[in-house]
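Below: one structure, written as C-alpha cells.
The model shown is predicted, which means the values in this text are computed figures rather than measured ones.
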Amino acid sequence: VEDFTPVSYKAPPPPKPEKTFPPYTGFGSEEDSLCSCMGLLPKPPQKDFKKFMEKDRSGMESNILRFLAKLVTDSPIDTDRKFIISYFLSDDTISVFEHIQRNTGILGGKFLERGRIKKPGQELFKSEPSEYFKAQNLFVGARVCFHGHNFLLVDADEYTFNYMEKHANEFSVADVGVILKKLKDIAESRSREVRQVFAASDPEHTKVIEYDPFRNLIVSITDGAFSEHEIMTLGRYYSVKDEYEVDLHFLLSVAQEQLKKNSFENFEQLSAVLTYNDREKCGVLPHEMCRTICKSFKLPVADDDLQALLTMFEDDHKQVEYKKFVDGLNWRENQIPAFQTIKVPLKNEDDWSGQPPSLPVKGIKYLPLLDDLFGKEE
C-alpha cells in the first residue's frame, strides 16, 4: 500500500452564518441601539478616550476649528445673517452660533446644539451606521447642510488656518504640495502664458501682487477648480512676511503671565530634566529637545511663543542655553518689572467676533510660485 492520503471521516463544519443587525428604530442614538444587539446585557457605546485626551483643550491649544458661514438662500432677510460654526476635534461634534446683529428682527445666539451631525441624503432606518461630518468636510468655500440648513463657509479664524496647515497630511486643502501638484497639472501646458499673465498684473515690476488680483488669476487659470481655502493656502504660503524684531522682555512677560495664571512653579524639576539630558554638561541642548521636554511638563505657553523664546536663547551654533531659558521663565525669582509688561490686552482666539478680515494676506510674491511650478526661467 503506497497511498497514505488521509480520508476525512467527519463532515466539514458548517460555515458560520453572517451576523446581521436589525435596522435602526429611531429611538436613541444609532450606536446605543447597535450595542443593545451585541449581547443580552446592553452596554453603553465606547467612546474614543485616546482621541479625547489628545484633542481636548490643553493650555493655549483649543483644538476647535471655527468658520464664519452664511446661509445659502434666496430670502433677502436671511442673506445677511452670519454664523460661527465650531468643530470640536476631541469628539467630532459641531455647534452653530448666530452672530448677534441689532435691529434685524432676528435673535442671535445658539442656533444648533453641540453634537454630531449626519451627512444629508442617507436612509434613516437602516442596519449600516450613518456617515457624519468630519473635520475634512469643513473648509473655506465648502457648502454643508446641517439638518436642512445650507451653509457656505466664507472664512475661518487664524487658529484654524494654522492647525490645518500644521496637519496638512489630514487636510488636502491646506497641503501646499498637493495644491502645487494640482495647479501644475492644470497649467503646465501653458506655462509661458501663465508667466505673461502674472507679469502683466505687476506693471511696476515689484515682484509682488495684491491678494485680489492673485485670487482672480488663480480662478481664471484653474477655471474655478480650486476652492477658496486652497487659494488662501497658496496666498499665505507665498505672502510677504512682516519683518519685525520681537522684544525678549515682551515674550518673557507674556510667558510669565501665563505661567502665573496657571500656577506653574515646577522650575527646579524642569531645570533638572534639562540638565540630565545634557550628557556632555556643556550647558546647551538642541532646540527640538528643549521643546519636547517643555511639552512633557505641559508648559502653559502657546507653541509659537515657546518656539520664539527658545530661538531667543540660542547661541551661535543654534543650541539653546537652557539655564538662562528656565531662569527667564521663573516668575518667582526673576519676575519681569511691571513697566515692561503688556499694556494692551492680548488678542485671544476665543474673542474672535466672526468678522472676516479685509484680505487674507497683504502681498504675494508670485515669482517663487512660478519657479516652484515650472522651474526657474532661464
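A donor-acceptor pair under 3.5 Å links the side-chain atoms of Gln256 to the main chain of Asn334, judged by distance alone.
Hydrophobic clustering of Ile, Leu, Val, Met, Phe, Trp and Tyr side chains at less than 4.5 Å, counting indirect connections, unites Leu65 with Leu112. When hydrophobic clusters are built by joining Ile, Leu, Val, Met, Phe, Trp and Tyr residues whose side-chain heavy atoms come closer than 4.5 Å, directly or via intermediates, Val178 is not grouped with Ile186.
The neighbour count for Lys51 NZ, taken as heavy atoms of other residues, nucleotides or ligands under 6.0 Å away, is above 12. More than 12 non-hydrogen atoms from other residues, nucleotides or ligands lie less than 6.0 angstrom from CZ of Arg279. For NZ of Lys298, the number of neighbouring non-hydrogen atoms (other residues, nucleotides, ligands) closer than 6.0 Å is 12 at most. The number of heavy atoms from other shown groups lying within 6.0 Å of CD1 (Ile106) is above 12. By the 6.0 Å contact criterion, CG on Asp185 is enclosed, its count of non-hydrogen atoms from other residues, nucleotides or ligands being greater than 12. Applying the 6.0 Å contact sphere to CZ of Phe374 captures more than 12 heavy atoms from other residues, nucleotides or ligands. Annotation: Lys207, atom NZ; neighbour count of heavy atoms from other residues, nucleotides and ligands within 6.0 Å does not exceed 12. Counting non-hydrogen atoms of other residues, nucleotides and ligands closer than 6.0 Å to NZ of Lys16 gives a total of 12 or fewer.
One distance of note links NZ of Lys70 with CG of Leu153; it measures 11.5 Å at 0.5 Å rounding. Atoms CZ and CD, on Arg116 and Glu31 in that order, are 4.5 Å from each other to the nearest 0.5 Å.
Side-chain contact check for Val176 versus Thr233: some heavy-atom pair is nearer than 4.5 Å. Within the 4.5 Å cutoff, the side chain of Tyr211 has heavy atoms near those of the Ile364 side chain.
Looking at residues two or more places apart in sequence or on another chain, you find a side-chain hydrogen bond (donor to acceptor under 3.5 Å, both in side chains) between Tyr366 and Asp202.
Ring pair Phe67/Tyr87: centre-to-centre distance not below 6.0 Å. Checked against the 6.0 Å centroid criterion, the rings of Phe267 and Phe264 qualify as a close aromatic pair. For His167 and Phe171, the distance between ring centers is not under 6.0 angstrom.
Ring planes of Phe313 and Phe325: perpendicular class, angle over 60° (limits at 30 and 60°). Relative ring orientation between His149 and Phe151 is described as tilted, the plane-to-plane angle lying within the 30° to 60° band.
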| request: Any chance you could lay out the side chain to side chain contact (heavy atoms under 4.5 Å, CB included) test for Ile221 and Val194, step after step, and finish with the verdict? | output: CA-CA 8 Å; Ile221 292 170; Val194 172; 3.8 Å; yes

| task | Give the intermediate values and the outcome of side chain to side chain contact (heavy atoms under 4.5 Å, CB included) for residues Arg57 and Ile64. | result | CA-CA 8 Å; Arg57 177 183 285 272; Ile64 301 174; 4.3 Å; yes

